[in-house]
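Please read the structure below before turning to the comments.
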Amino acid sequence: PEAGPPPKELKIRHEHIPDFIGKSGEVFVNTDGTPGMRAMNMGFPYLATNVALNDFATGDKVEFEFLVRWETDQSGDRTPTWRIGAMTKLPADTEISYDNKPIP
């Protein structure tokens, strides 16, 4: 946790998600050709009601269900809302890779 008031979102550093569907409805491709969502630190402002954080600590390795809802405003722009649908703790020795994998 960061110093200051309680955070308004859960922050997770996640692996590369190569099959992430962007606002076009297709797999998103970054400008360098890397498909999907790059590995990054990301804030999740919404948790499903079945996700309780009291069993987790900063630095725990987790597996989580990443839900995205694309909303279209009156001008036709699409924006995402991120939500964690489920989350479980992984063993501390679980290997995690933050490498982004370009299209072969």
| said: Starting from Leu67, can I reach Phe20 by hopping between I/L/V/M/F/W/Y residues whose side chains sit under 4.5 Å apart? | reply: no

| field | Considering all heavy atoms, the nearest Ala39-Asn100 contact | value | N-OD1, 2.8 Å

| Just wondering, are more than 12 heavy atoms of other shown residues or ligands nearer than 6.0 Å to CD in Glu63? | no

| message | Are Met37 and His14 packed together at the side-chain level, in the sense that at least one heavy-atom pair is separated by less than 4.5 angstrom? | response | yes

| task | Mind running side-chain contact (heavy atoms from CB on, under 4.5 Å) on Phe28 and Ile21 for me, showing each step along the way? | result | CA-CA 6 Å; Phe28 178 78; Ile21 304 296; over 6 Å; no

| message | Any heavy-atom pair between the side chains of Leu10 and Leu53 that's under 4.5 Å? | response | yes

| field | Single-linkage hydrophobic cluster Tyr46~Met40, side-chain heavy atoms < 4.5 angstrom | value | no

| said: If I compare all heavy atoms of Met42 with all of Phe66, which pair ends up nearest, and what's the gap? | reply: CE-CZ, 3.4 Å

| Short side-chain to backbone donor-acceptor contact, Lys11 and Asn41, under 3.5 Å | no

| request: Quick one: closest heavy-atom pair of Asp55 and Lys89, and the distance? | output: O-NZ, 3.1 Å

| field | Spacing of Glu15 atom CD and Glu95 atom CD [to the nearest 0.5 Å] | value | 10.5 Å

| Is it true that a side-chain atom of Asp32 and a backbone atom of Thr34 form a donor plus acceptor pair closer than 3.5 Å? | yes

| field | Residue pair Ile12 / Phe64: nearest heavy atoms and the distance that separates them | value | CG2-CE2, 3.6 Å

| said: Looking at Asn30 and Gly36, would you say the former's side chain and the latter's main chain have a donor-acceptor pair under 3.5 Å? | reply: yes

| field | Side chains of Asp99 and His16 in contact at under 4.5 Å (non-hydrogen atoms) | value | no

| Under 4.5 Å between side-chain heavy atoms, hopping through other hydrophobics if needed: is there a path connecting Leu90 to Tyr98? | no

Mind listing the side-chain donor-acceptor pairs of residues 76-85 below 3.5 Å, one per line with the distance, residues two or more places apart or on another chain?
unit_1: Asp77; atom_1: OD2; unit_2: Ser75; atom_2: OG; d: 3.4
unit_1: Arg78; atom_1: NH1; unit_2: Lys23; atom_2: O; d: 2.3

